[in-house]
Amino acid sequence: GIGAAAVLATIANVPAVSRTADDDTQIAKSLATMLRAGRTVISRNQDRINDPNAGDKGLDGKMVLAEASKLFQQATEIDPSAIHPSSLQGKLIRMQMDSIAEVMDVHQETINRQGVGFKGFIPAVFGRLVNEAFGRRTAGIADMKVTAPPMLIRNPKVRPDEWELEAIQTRLMASSWPKDQSYAATTVKDGVQAQRTLFPEYYGRSCLSCHGSPAGEIDITGFPKEGASEGDLGGIISITLYR
């Protein structure tokens, strides 16, 4: 028979094809949960970040990761550092956590700048930077972006692609679509078979200072407000896992 070591080696190198759609759904869900957790930490600390009098805000990579991990654990009942590091989920969640830490550490100077109020380091910007850092680490394995219905897109870099656009318009924006329900499909992206998952996100009260009424009024970031209401579809976390 095969020796135990050979069996273990076989398990460790399970080809991506044997991953089930359910496996990928779980992985995508954990990545979306961690991104949301990190953004929540940034959201809760906006007043601290924008305090012109305080210097060191104490919001380095280590602190933000610890807080985000706590929120992740509250949401999933799983300690992210306990997810097996050799599993795809474990690898990707660690790459994502490294990306969160990197973004915080790289932006210390901005966050801690005295004499300046609004720093522009808002949850949406944090999320985009984390997804970009994550994409550099996971090229060819996974990618992630936060997109939105086209009329809500402020940054052309995250415009929905054809597949996302169709799914957003025919599914997530449909009045019959259950709130918070994700949508997943196996499709081809950039010539590679992939499972793609979309997680709808809805405007909370804190989002409306930039995205609420009156529509057209310029918000603190310099963009015209969209006139949205609390609970409206505001964005979509789009995750691709290549197979």
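Keep in mind that this is a model prediction, so the values were computed, not measured.
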Visitor: Check for me, please, whether Ile236 and Tyr203 land in the same ILVMFWY cluster - side-chain distances under 4.5 Å, paths through other members count.
Guide: yes
Visitor: As an exercise, state the distance from CG of Asp190 to CG of Asp143, rounded to the nearest 0.5 Å.
Guide: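 Spacing of CG (Asp190) from CG (Asp143) equals 7.5 Å.
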Visitor: Counting only heavy atoms from other residues, nucleotides and ligands, does the tally under 6.0 Å from CD of Gln169 exceed 12?
Guide: yes
Visitor: How far apart are the closest heavy atoms of His211 and Glu226, and which atoms are they?
Guide: ND1-OE1, 2.8 Å
Visitor: Where do Thr147 and Glu164 land on the side-chain hydrogen bond (donor to acceptor under 3.5 Å, both in side chains) test, with the steps shown first?
Guide: CA-CA 9 Å; Thr147 185; Glu164 288 163 334; 4.7 Å; no
Visitor: Are any of the side-chain heavy atoms of Ile27 and Ser87 separated by less than 4.5 Å?
Guide: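 No. Closest side-chain heavy atoms not under 4.5 Å.
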Visitor: Distance from Lys189 atom NZ to Tyr242 atom OH, nearest 0.5 Å?
Guide: 4.0 Å
Visitor: Could you state whether Leu92 and Ile78 fall into the same hydrophobic cluster, counting links through intermediate Ile, Leu, Val, Met, Phe, Trp or Tyr residues with side-chain heavy atoms under 4.5 angstrom apart?
Guide: yes
Visitor: Assess the residue pair Asn131 and Ile237 against the criterion (side chain to side chain contact (heavy atoms under 4.5 Å, CB included)); give the C-alpha distance rounded to whole Å, side-chain angles, the decisive distance to 0.1 Å, and a yes or no.
Guide: CA-CA 10 Å; Asn131 287 337; Ile237 298 177; over 6 Å; no
Visitor: Keeping Lys225 on the side-chain end and Phe223 on the backbone end, is there a donor-acceptor pair under 3.5 Å?
Guide: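 Judged by distance alone, no pair lies under 3.5 Å.
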Visitor: Could you state the interatomic distance from OG (Ser209) to CD (Gln46), rounded to the nearest 0.5 Å?
Guide: 9.0 Å
Visitor: Tell me the closest heavy-atom pair linking Glu166 and Thr170, and the distance in Å.
Guide: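 Result for this residue pair: O-OG1, 2.7 Å.
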Visitor: Take Gln195 and Thr25 through the test side-chain hydrogen bond (donor to acceptor under 3.5 Å, both in side chains) and record every step on the way to the result.
Guide: CA-CA 8 Å; Gln195 176 156 319; Thr25 300; 3.1 Å; yes
Visitor: Kindly work out whether a path of hydrophobic side-chain contacts (I/L/V/M/F/W/Y, heavy atoms less than 4.5 Å apart) joins Val103 to Val158.
Guide: no
Visitor: Which distance, rounded to the nearest 0.5 Å, do you find between the NZ of Lys62 and the CG of Leu65?
Guide: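 It is 10.5 Å, given to the nearest 0.5 Å.
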Visitor: Mind telling me whether Tyr183 and Trp163 have parallel, tilted or perpendicular rings, with 30° and 60° as the class edges?
Guide: parallel
Visitor: Is Glu132 paired with Arg128 through a side-chain N to carboxylate O contact shorter than 4.0 Å?
Guide: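 Looking at Arg128 and Glu132, the cut-off is met.
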Visitor: Mind running side-chain hydrogen bond (donor to acceptor under 3.5 Å, both in side chains) on Asp22 and Thr20 for me, showing each step along the way?
Guide: CA-CA 5 Å; Asp22 285 351; Thr20 65; 5.2 Å; no
Visitor: Ignoring hydrogens and angles, tell me if any N or O in the side chain of Arg94 forms a donor-acceptor pair with the backbone of Ser81 under 3.5 Å.
Guide: yes
Visitor: Decide side chain to side chain contact (heavy atoms under 4.5 Å, CB included) for Thr197 and Asp24; before the verdict, give the C-alpha distance in whole Å, the side-chain angles of both, and the deciding distance to 0.1 Å.
Guide: CA-CA 9 Å; Thr197 311; Asp24 280 2; over 6 Å; no
Visitor: Measuring from atom OG1 of Thr187 to atom CD of Gln193, what distance do you get when rounded to the nearest 0.5 angstrom?
Guide: 7.5 Å
Visitor: Would you check if the side chain of Lys119 reaches a backbone N or O of Ile49 as a donor-acceptor pair within less than 3.5 Å?
Guide: yes
Visitor: Identify the heavy atoms of Phe199 and Ser182 that sit nearest to each other, and give their distance.
Guide: CD2-CB, 3.7 Å
Visitor: Would you say NZ of Lys29 has more than 12 non-hydrogen atoms from neighbouring residues, nucleotides or ligands within 6.0 angstrom?
Guide: no
Visitor: Just wondering, are more than 12 heavy atoms of other shown residues or ligands nearer than 6.0 Å to CD in Gln114?
Guide: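 Yes, the 6.0 Å shell around CD holds more than 12 heavy atoms from other groups.
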Visitor: For atom CG of Asp47, decide whether the heavy atoms of other residues, nucleotides or ligands shown that lie under 6.0 angstrom number more than 12.
Guide: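 Open.
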Visitor: Please report the closest heavy-atom contact between Leu241 and Ala142, naming both atoms and the distance.
Guide: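 Closest pair (atom of Leu241, atom of Ala142, distance): CD2-CB, 3.8 Å.
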Visitor: Verify the cluster assignment for Val106 and Ile122: are they in a single hydrophobic cluster under the rule of side-chain heavy atoms below 4.5 Å apart?
Guide: no
Visitor: Please determine if Glu67 and Arg44 form a salt bridge, counting it only when a charged side-chain N lies under 4.0 Å from a carboxylate O.
Guide: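 No salt bridge links Glu67 with Arg44.
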Visitor: Please test Arg36 against Glu201 for side chain to side chain contact (heavy atoms under 4.5 Å, CB included), starting from the C-alpha separation and ending with a verdict.
Guide: CA-CA 10 Å; Arg36 285 172 171 162; Glu201 304 209 275; 2.9 Å; yes
Visitor: What are the two closest heavy atoms between Ser30 and Ile93, and how far apart are they?
Guide: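 Residues Ser30 and Ile93, closest heavy atoms: O-CD1, 3.6 Å.
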Visitor: Counting only heavy atoms from other residues, nucleotides and ligands, does the tally under 6.0 Å from CD of Glu109 exceed 12?
Guide: no
Visitor: For Val130, does its backbone N or O pair with a side-chain atom of Glu102 as donor and acceptor, under 3.5 Å?
Guide: no
Visitor: Do Leu208 and Ile42 land in one hydrophobic cluster if side-chain heavy atoms of ILVMFWY residues count as linked below 4.5 Å?
Guide: no
Visitor: Has Arg48 got more than 12 heavy atoms of other residues, nucleotides or ligands less than 6.0 Å from its CZ?
Guide: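 Counting other residues, nucleotides and ligands, CZ of Arg48 exceeds 12 neighbours.
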Visitor: Check the pair Leu31, Phe134 against side chain to side chain contact (heavy atoms under 4.5 Å, CB included), reporting the backbone distance first and the verdict last.
Guide: CA-CA 10 Å; Leu31 293 171; Phe134 178 74; 4.1 Å; yes
Visitor: Taking all atoms of both residues into account, what is the closest heavy-atom pair of Leu172 and Gln181, and its distance?
Guide: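 What the structure gives for the nearest pair is CD2-O, 4.0 Å.
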Visitor: What is the distance from atom CD1 of Ile111 to atom CG of Asp51, rounded to the nearest 0.5 Å?
Guide: 13.5 Å
